Amino acid sequence: MISRAINALARALLMAIMVALPSLVLPSVSVDGAQITLFVCLLAGIFTFVEYFSTYPSIIEFRDAAPFNRMRYFMAALIVCVLTLLYAGMTHASTLIQWVTVAGVTMGELLDIPFSPVRLVLLAMPESVDLAMLYMIRDGAALSYAISLVGILAFYGLVRVYDWPARKGAFNVWVNLPLFDPTTGGDVVPRLRRDGQINIAIGILLPFLLPALAAIASSMFDLATLFKSQSYVWSLAAWSFLPASMIMRGIAMNRIAELIENKRQRAYAKAAAEQV
């Protein structure tokens, strides 16, 4: 009980720190913005604590299939951190900020190619955005997208090289997939594979679709407001992290389907051997 409470509290603090980081570092944070950030930090921390302290799952998937959620958290935290430092470089100067800026410029030049997601983000920007801010958006989009790609490849390597999640023992579908009901909708394996393929497809398409949807919605609001101070960080973080998270979930669902099918085949082979 005590160890579970400490573990849940540590996760809650880490989540709150990630949410609060942009408001603590970036300038021009209004009083209302600080209050909203404090409320979101408390909400995220409380939700995380309750989810991991509770014995029974509710929403968070793969809770006992480490390090799936840890990898997603550190990927999101790294994206938020580098975007915050990149934007802070407009008013502050430090060695760390210079390194992040150089990395952003390098990735921006590499990924700003025709038909790339980064180029689509730039094409969605209104003409009112000045050139310096346009380069800032390009570098941030490229850097966050590169981090998300590395996170996906790292998780795929974890699945294939380190046999995730089989090394952790038996996989409990009810605890790790609380929103998935194995008793309805036919066979579990095809459903898991279908859900996994849908998640991967949507995750691949989202970085291309979101800029197009934003450009369409620009007639209703000024799109440039999404890239000022904290909005810059959270807009690009959501654009890069959410698709990567969906792809990782799709890979995980396909992996679980593969484990279930392998277990069935071993059971069938054992039953056939016993009959002989």
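The shown structure was predicted, so the numbers you read here are calculated from the model rather than taken from an experiment.
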Q | Pair Glu261 + Arg193, salt bridge at N-O below 4.0 Å | A |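 Salt bridge between Glu261 and Arg193, a charged N being under 4.0 Å from a carboxylate O: yes.
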| said: For Asp187, is there an ion pair with Arg194 - N to carboxylate O distance below 4.0 angstrom? | reply: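 So Arg194 does not pair with Asp187 through a salt bridge.
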ask   = What residues form a ring-ring contact (aromatic ring centres under 6.0 Å, His included) with Phe49, not counting sequence neighbours?
value =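 In terms of ring-ring contact (aromatic ring centres under 6.0 Å, His included), with neighbours along the sequence ignored, Phe49 is linked to Phe53.
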Subject >> Distance flag, aromatic centroids of Trp239 and Tyr145, threshold under 6.0 Å >> reply: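 Yes, ring centres under 6.0 Å apart.
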- Pair Phe241 and Trp234, ring centroids less than 6.0 Å apart: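 Phe241 vs Trp234: aromatic centres not under 6.0 Å.
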Judged by atom type as modelled, is there a donor-acceptor pair below 3.5 Å linking the side chain of [X] to the main-chain atoms of [Y]?
{"X": "Asn7", "Y": "Ser3", "value": "no"}
{"X": "Tyr52", "Y": "Arg63", "value": "no"}
{"X": "Ser116", "Y": "Asp112", "value": "no"}
{"X": "Asn176", "Y": "Asp64", "value": "yes"}
{"X": "Ser235", "Y": "Tyr232", "value": "no"}
{"X": "Arg255", "Y": "Trp164", "value": "yes"}

- Distance (rounded to the nearest 0.5 Å) between Met253 CE and Asn199 CG: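 Answer for the CE-CG pair, Met253 versus Asn199, is 6.5 Å.
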Checklist line | For Arg70, all residues meeting salt bridge (charged side-chain N to carboxylate O under 4.0 Å, His left out), sequence neighbours excluded | finding: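 Result, salt bridge (charged side-chain N to carboxylate O under 4.0 Å, His left out) vs Arg70: none returned.
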Using a 3.5 Å cut-off and no angle test, enumerate the donor-acceptor pairs between side-chain atoms of residues 77-88 and protein atoms at least two apart in sequence or in another chain.
{"residue": "Thr84", "atom": "OG1", "partner": "Val80", "partner atom": "O", "Å": "2.6"}
{"residue": "Tyr87", "atom": "OH", "partner": "Ser229", "partner atom": "N", "Å": "3.0"}

